Amino acid sequence: MTTKKRLFLLDAYALIFRGYYAFIKNPRINSKGMDTSAILGFTNSLLDVIKKEKPDYLAVCFDRGGSVDRVEMFPEYKANRQETPEAIRIAVPYIEQILEAMNIPAIVKEGFEADDIIGTLAKKAEKEGLETYMVTPDKDYAQLVSDSIFMYRPPRMGNGYEKWGVEEVQKKFEVERPEQVIDFLGMMGDSVDNIPGLPGVGEKTAKKFLAAYGSMEGLFENIHELKGKMKEKVEANQELGLLSKKLATIMLDVPVELEQDKLIFEQPDIEKTKAIFAELEFRRLTDNFLKTFSQESPASTSDTKPQQAQSTSGQFDLFATPGAGNAATESINGFKTVTNTSHFYQLVNTPVSRKLLLDKLMLQSSVCFDTETTGLKSLEVELIGIAFSWEEGKGYYVSFPEDQEETQQILETFRPFFEAENIEKIGHNIKYDIKVLSNYNMPVKGKLFDTMIAHYLINPDMRHNMDILSETYLNYQPVSITELIGKKGKNQLSMRTVDLDKQTEYAVEDADITLQLKNHFEKELATGKLTELFENVEIPLVSVLTNMEIEGINLNTDFLNNFSKELSSDISSLEQKIYEQADEEFNIASPKQLGPILFEKLKLVDKPKKTKTGQYSTAEDVLSSLKEHQIVSDILEYRQCKKLLSTYVDALPNELNPKTQRVHTVYAQAVAATGRLSSNNPNLQNIPIRTKRGQEVRKAFIPRDKDYTLLAADYSQIELRIIAALSEEETMIKAFQDGEDIHASTAAKVFNVALDEVTREQRSNAKTVNFGIIYGVSAFGLSNQTNLSRSEAKELINAYYETYPKLKNFIAQQVDFAREHGYVETILGRKRYLKDINSRNAIVRGAAERNAVNAPIQGSAADVIKLAMINIQKRFEKEQFKSKMLLQVHDELVFDAHNDELETIKPIIKEEMENAFKLSVPLDVEIGLGTNWLEAH
DNA sequence: TGATGTTT
DNA sequence: AAACATCA
């Protein structure tokens, strides 16, 4: 048993970066609008280490000024590092304060990197007979590992801390000695640090070389054994290889002393630390901190501290936690889990117990339920089970057999519950569950509450997975689905293969969590004044979307098949033409191959534009300017055909539902941060329309049968009308009231000509500016999109603002509002938080400012059409029309209109859309009919 | 994963 | 600007 004292050295920046990126999708923002993710991430790691390991010695090492020596060797070292994110820059001073309050020494040496400092200290500690743990996620440290030096890597998603000793390093890197990690990194290179490595050598090859030759030098001595391209490359780059190796080597001669007595870990200053945490609003962390430290008697110093962590077993057990007998009972990252939280989850699979469950259900006023199914496509899956919960920590799971008739019978038991108007149904993405039940003709009635949508309104920019919500709001980590049925992909098991106890635990836990989240979000919706939007718009919309998705749309597959043949033949003839002109065959669809041909072989242009990864850009706007070359225009046409074929013509027929033979898209109601819907599987919101060839695809969308006609209803210029109304810009409002062509009208005023003298180009430029206003203008963007120079674009914008002064005012107001409140909102109070609005980085701030203008406009337009959809659906249901709403494309609704009802529903649709929300500008809706979607426009 | 392209 | 999808 080891009795060595243990030193923990933390790599500050590596941990800070890791903490920051761990929260990147769900950043922690405190009430002052400050992004505290990086601080929280780091401090969590720090407390974790202390709590679990009780270090004898502890220090945190910082980089300052980078490595002087390495930059001297190789000026490009770390040159492609992006600028440090703001949240990290502001984090460092706070972290220094926290360390000071906790009496933890920070070690900084100007001109050296943390890994060099840690390496040097670790080696010195080894001589002093200490055991060193290098706390860092950075795998470069593996080269330092020895019998008394270990890597201690913080947990990644769901895993625990990893301790890497010699054995682990041998396994991970497939080397005999840890020092060989240097050769490995030198060969492979590192794009993050911009260590070049050997060209053409990646992880696989580097491991192979090391196994065969042992080191970089060994490889160079045996170049004769290599073959072909690889031989040439290695031969030519020996110097680069040796340099890379040097760069990857952690220095062990940093002028820093190991002052043991200063590194002894002592009691933190609890009050001081608490104060800093309070300022940062780290509530949960404070609890955790107090639990760890305040019970310890003040007399206990490092000299008398018992060696609890190691004494539990002879072997060093990383997961053993003091006080907890069994590692499995405590989650590794401080979350509660199903194993350490008391709960009562019960399986229900007998007729008697089902009846009892129903009786209980019928007594409730509000119940959460969650279905388990055989897959993801709600309209094609079978039911495996349903979990119910109406009390926190408690719930029931009804399982269903494979036999679908039996399933139907069992489900019938619960019909009174699902049809009960007076029982509120709670779910997470409840549209999915309702659709699944619809396969069994089981309608879900009564009030709905969807926790996914609730959270979407509370913070649309965050993610709304139940797992993340549970960890964030309940401090509870649910059983991971991956653990149960494996990773996504074809090897994923079905829930049916999971044994019933596990199913019960997983499914009821989900329902339980959802119920708990609901209780949480209900309050938050109220504080954010979002309850009305939630209850009167988003929730009613759930049913509308459900109906639309179940309805689907008819597709003319014969037409698409013919079109596919046509396109394919066009593609192959274009292919031949291009090969001839390039004088070689290559993959035209690969920008990586196309770039060199165009710009190296054919040298079409002097200084080709490159992408950020250094490839030649072959994007549309780049190639468009080279259209005079036959090969380029052929390539553009080739690309267009290829795109149409793969994304639409060949893909759409595969999306037919086998039962209905129709296409059922899925609308995501909680994805687009502005409040819009999005459509997927397939996406029917980006069906081509601009080009002649693309329009053909629209012809494939047809009415249900000969008794129906497709009806498309479009808002005309809804976003401009909204901006006119919100800004109260009279000139623009008047133009709309008079029914003018808004772009021509704008052109007339901006260029100071009569309305009927506006040229095509003037109108087009005015249109671009109008459009640009909606997205937030910049002179740069505008000159890119038009043939105007940067200064002409600027002039145009100025003239535009003079024409519409109130509009300029409105834009400034939005930005000011966002600066003050941290968010902007739509006409219905839908909020969008803009955490970067006060950023010191002009680019980041500019984007936030454009969002401040764009979000209320786009979002209000989304609000309006959502209201219209709800009202139309109501009317349709009341009149029991055969006609059905099928699609929504942001400002357009598409219907299967029964021919007998055509003249009845046309005015209804128009009226409901135009009057969905009263603005000071009239809304205008154009309706078209046709035997396909293109005609209906 | 990055590049490209489609829509509003 | 912001979705989704495809390809290498």
Side-chain angles (χ1 to χ4, degrees), chain A residues 191 460-461 586-595 609-624 635-652 654-655 665-691 693-698 701 712 714-720 722 767 770-778 781-782 784-785 824 832 834 836 846-862 864-865 887-894 933-934 937:
Chain A
S191 60
D461 277 293
F586 63 102
N587 187 345
I588 309 168
S590 162
K592 214 174 163 184
Q593 295 180 36
L594 178 62
K609 204 177 141 192
K610 302 243 184 130
T611 65
K612 54 179 174 243
T613 49
Q615 279 187 42
Y616 296 111
S617 168
T618 63
E620 228 258 346
D621 54 336
V622 176
L623 296 191
S624 280
I635 288 169
L636 286 172
E637 198 178 349
Y638 168 91
R639 277 208 184 146
Q640 193 200 21
C641 294
K642 197 90 203 226
K643 175 86 181 180
L644 284 177
L645 193 65
S646 65
T647 311
Y648 305 103
V649 180
D650 282 349
L652 285 172
N654 291 327
E655 299 285 352
T665 186
V666 178
Y667 289 100
Q669 208 182 336
V671 166
T674 50
R676 277 188 175 182
L677 298 176
S678 83
S679 149
N680 61 22
N681 302 308
N683 183 353
L684 295 186
Q685 290 182 321
N686 71 345
I687 301 302
I689 193 160
R690 258 192 11 239
T691 65
R693 255 211 198 87
Q695 288 184 351
E696 291 295 302
V697 178
R698 292 212 168 207
F701 291 85
D714 260 74
Y715 279 109
S716 134
Q717 308 297 348
I718 185 168
E719 285 170 335
L720 275 179
I722 285 173
K767 186 175 172 182
N770 276 334
F771 202 62
I773 291 289
I774 297 171
Y775 294 147
V777 257
S778 71
L782 188 64
N784 269 346
Q785 285 164 39
V824 288
R832 177 158 189 199
L834 301 164
D836 294 328
E849 285 170 1
R850 287 194 288 281
N851 276 334
V853 180
N854 166 258
I857 297 167
Q858 200 177 97
S860 298
V864 170
I865 196 165
L887 305 177
Q888 190 251 44
V889 192
H890 308 308
D891 65 353
E892 170 188 8
L893 296 174
V894 179
W933 195 1
L934 182 62
H937 253 278

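All of these numbers come straight from a predicted model, not from anything done at the bench. Lettering follows sequence order; numbering is per chain, from 1.
A:Glu637 pairs by the salt bridge (charged side-chain N to carboxylate O under 4.0 Å, His left out) definition with A:Arg693, not counting sequence neighbours. Remark: A:Tyr648 pairs with no residue by the ring-ring contact (aromatic ring centres under 6.0 Å, His included) rule, at least two apart or across chains. Every residue two or more places apart in sequence or in another chain that forms a side chain to side chain contact (heavy atoms under 4.5 Å, CB included) with A:Glu620 is listed here: A:Ser624, A:Leu636. In this view, A:Lys642 and A:Ile571, A:Tyr638 satisfy the side chain to side chain contact (heavy atoms under 4.5 Å, CB included) rule, not counting sequence neighbours.
Of the possible donor and acceptor atoms, none in the side chain of A:Arg832 sits under 3.5 Å from a partner among the backbone N and O of A:Pro856. Without hydrogens or angle criteria, A:Asn681 side chain to A:Thr665 main chain gives no donor-acceptor distance under 3.5 Å.
Extent of DNA chain B lying under 4.0 Å from chain A heavy atoms, first and last nucleotide in 5' to 3' order, is B:dG2 to B:dT8.
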Nucleotide by nucleotide, nucleotides 1-8 of chain C touches protein heavy atoms under 4.0 Å in the pattern (B base, S sugar-phosphate only, - none) BSSBSSSS

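Residue contacts for A:Ile774: at a heavy-atom cut-off of 4.0 Å it reaches no nucleic acid atom on any strand shown. Across all strands shown, A:Ile689 has heavy atoms under 4.0 Å from sugar-phosphate atoms exclusively, and none from any base.
Contact annotation: the side chain of A:Leu652 approaches that of A:Val697 to within less than 4.5 Å [non-hydrogen atoms, C-beta and beyond].
One distance of note links CD1 of A:Ile774 with CD of A:Gln717; it measures 7.5 Å at 0.5 Å rounding.
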